[in-house]
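A short write-up of the structure that comes next.
These numbers were taken from a predicted model, which means no experiment stands behind them.
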Amino acid sequence: MKTYYSKNDLSFNLRLNKGSKHIVFNPLSTGGGIYSTSDEEEIEALENSSLFNQFYSLIEQGNDSTENELQKKVISKEMEKIEHITNAADAKIFLIERGYNGDKKSKEALKEGARNMGFEFPNLK
């Protein structure tokens, strides 16, 4: 079982070998949403999607946590401050190393990409 987290309300069609499936992240009371699956084909497609680590990320694997436990993980994972990032070039490298493949053209785009992955660059001016 793998559980994915999105900071936003998220739903999309995922292409699978046997067709496609509409993926809907279940809303959390703290904001954002989670989606869990144990289907190996679905996991592979989710993690190979261009949306992975841009709009949603893996928060847990191999555990059947309650929604309350998952919310605690989301809150503790949210907004990890990366203090040493002070310029756009370092921010780009940091995000790319973690699988980000979104917009990298401006500091604002990098900050948004970081937020979507649960990071914050407080010293990026």
* Asked: Does the S6 side chain pair with the main chain of F55, one donor and one acceptor, at a distance under 3.5 Å?
  ->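 Yes: the side chain of S6 pairs with the backbone of F55.
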* Asked: Is the backbone N or O of K105 less than 3.5 Å from a side-chain atom of D103, with the two atoms forming a donor-acceptor pair by type?
  ->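 Answer holds: yes.
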* What closest approach, in Å, do R15 and A45 show between heavy atoms, and which atom pair accounts for it? ->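 Closest heavy-atom pair between R15 and A45: O-CB, 3.6 Å.
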* Shortest non-hydrogen contact from M1 to S36? ->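 Looks like SD-CB, 3.6 Å.
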* Check whether more than 12 heavy atoms from other residues, nucleotides or ligands sit under 6.0 Å from atom CG of D9, and answer yes or no. =>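 No.
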* Asked: Of all residues at least two apart in sequence or in a different chain, which pass the side chain to side chain contact (heavy atoms under 4.5 Å, CB included) check with E108?
  ->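 With sequence neighbours excluded, E108 shows a side chain to side chain contact (heavy atoms under 4.5 Å, CB included) to S106, K111, given in chain and number order.
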* Asked: Hey, does Y56 have a side-chain heavy atom less than 4.5 Å from the side chain of L51?
  ->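 Answer yes - side chains close enough.
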* **Heavy-atom check, side chain of K104 versus side chain of L110, under 4.5 Å** =>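 Yes, side chains in contact.
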With a cut-off of 3.5 Å and sequence neighbours excluded, list every side-chain donor-acceptor pair involving residues 16-27.
unit_1, atom_1, unit_2, atom_2, d
K21, NZ, Y35, OH, 3.4
K21, NZ, E42, OE1, 2.9
H22, ND1, N13, OD1, 2.8

When rounded to the nearest 0.5 angstrom, what distance separates [atom1] in [X] from [atom2] in [Y]?
X	Y	atom1	atom2	answer
E83	L124	CD	CG	12.0 Å
F52	L58	CZ	CG	5.5 Å
I85	L95	CD1	CG	8.0 Å
T37	L46	OG1	CG	7.0 Å

* Asked: Going by the side-chain hydrogen bond (donor to acceptor under 3.5 Å, both in side chains) test, which pairs reach into residues 43-55, not counting sequence neighbours?
  ->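 Applying side-chain hydrogen bond (donor to acceptor under 3.5 Å, both in side chains) to every pair that reaches into residues 43-55, excluding sequence neighbours, yields K2-E47, Y4-E47.
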* Could you list the residues that satisfy ring-ring contact (aromatic ring centres under 6.0 Å, His included) with F94, not counting sequence neighbours? =>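 F94 satisfies ring-ring contact (aromatic ring centres under 6.0 Å, His included) with F119, F121 once adjacent residues are dropped.
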* To do: Enumerate the residue pairs fulfilling salt bridge (charged side-chain N to carboxylate O under 4.0 Å, His left out) with a member in residues 86-100, sequence neighbours excluded, ordered by first and then second residue.
  =>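 Non-adjacent pairs meeting salt bridge (charged side-chain N to carboxylate O under 4.0 Å, His left out): zero.
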* To do: Tell me, please, which residues at least two apart from E40 pass side-chain hydrogen bond (donor to acceptor under 3.5 Å, both in side chains).
  =>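 side-chain hydrogen bond (donor to acceptor under 3.5 Å, both in side chains) list for E40, sorted by chain: empty.
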